[in-house]
Structures are given as structure tokens and as C-alpha cells.
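Each remark here refers to the structure printed beneath this line.
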Amino acid sequence: MADPQKREDAKTLLDIFGRTTGQKPVVWGRKQIGYGIYRYQYLTGHRVEIYAAGFSVAKRNITL
């Protein structure tokens, strides 16, 4: 991450999400940081897992 301000913002978010969820961060994909696991099932029976809370740091934005 080249942008120093974005790096500091991400560190702050790591702290906030960690304290709030009580979970350790896990990298999902290339840019997503997730906490906890949320499991759900479609009516078709297809099951999906995703993080319960988290954020993504991309080149232009940080998404919560």
C-alpha cells in the first residue's frame, strides 16, 4: 500500500474491528480483512461463508 494515510487508516480499522468483534483478522482474497464467519444458505441449498464484519483496502477507497 503506497498511500501512507491509507496505511494508517487501515491500522486504525484493524484495531477498531479487533476490539469490537473480539476476533483475529483473516485475509479473504487479496484485499479484504474479515473478522468472524457468517454462514448462510440459499433456498436452492447452496451454502456460503463470508466474514461477519470487515473492510477492504483498494487503490482508491477503503470499504467497510
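Counting from 1, the numbers follow the sequence of the chain as shown. Owing to the predicted nature of the structure, the values given are computational and were not obtained by experimental measurement.
With contacts defined as side-chain heavy-atom distances shorter than 4.5 Å, the pair K11/D9 does not qualify. Taking 4.5 Å as the limit, some side-chain heavy atom of I33 sits within range of a side-chain heavy atom of V27. In this structure, the side chains of L64 and L13 come closer than 4.5 Å at one or more pairs of heavy atoms. Residues S56 and I62 are not in side-chain contact: their nearest non-hydrogen atoms beyond the backbone lie 4.5 Å or more apart.
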Please lay out, stage by stage, how Y35 and Y51 fare under the test ring pair (Phe, Tyr, Trp, His ring centres under 6.0 Å).
CA-CA 6 Å; Y35 295 81; Y51 48 88; 8.5 Å; no
Given the rule in the side-chain contact (heavy atoms from CB on, under 4.5 Å) test, do V48 and R39 qualify, once you have shown the distances and angles that lead to the verdict?
CA-CA 6 Å; V48 179; R39 294 178 178 95; over 6 Å; no
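In summary, the side chains of Y38 and E49 do not present any donor paired with an acceptor at a separation below 3.5 Å, with no hydrogens or angles considered.
Counting only distance, with no hydrogens or angles, the side chain of K31 and the backbone of F55 share no donor-acceptor pair below 3.5 Å.
Hydrophobic clustering, with ILVMFWY side chains joined whenever heavy atoms are under 4.5 angstrom apart, groups L14 together with F17.
Of the inter-residue distances, the one linking Q23 atom CD with T20 atom OG1 reads 11.5 Å to the nearest 0.5 angstrom. Once rounded to the nearest 0.5 Å, the distance linking CG of N61 with NZ of K59 reads 12.5 Å.
Comment: R7 does not engage D3 in a salt bridge, judged by the lack of any side-chain N to carboxylate O separation of less than 4.0 angstrom.
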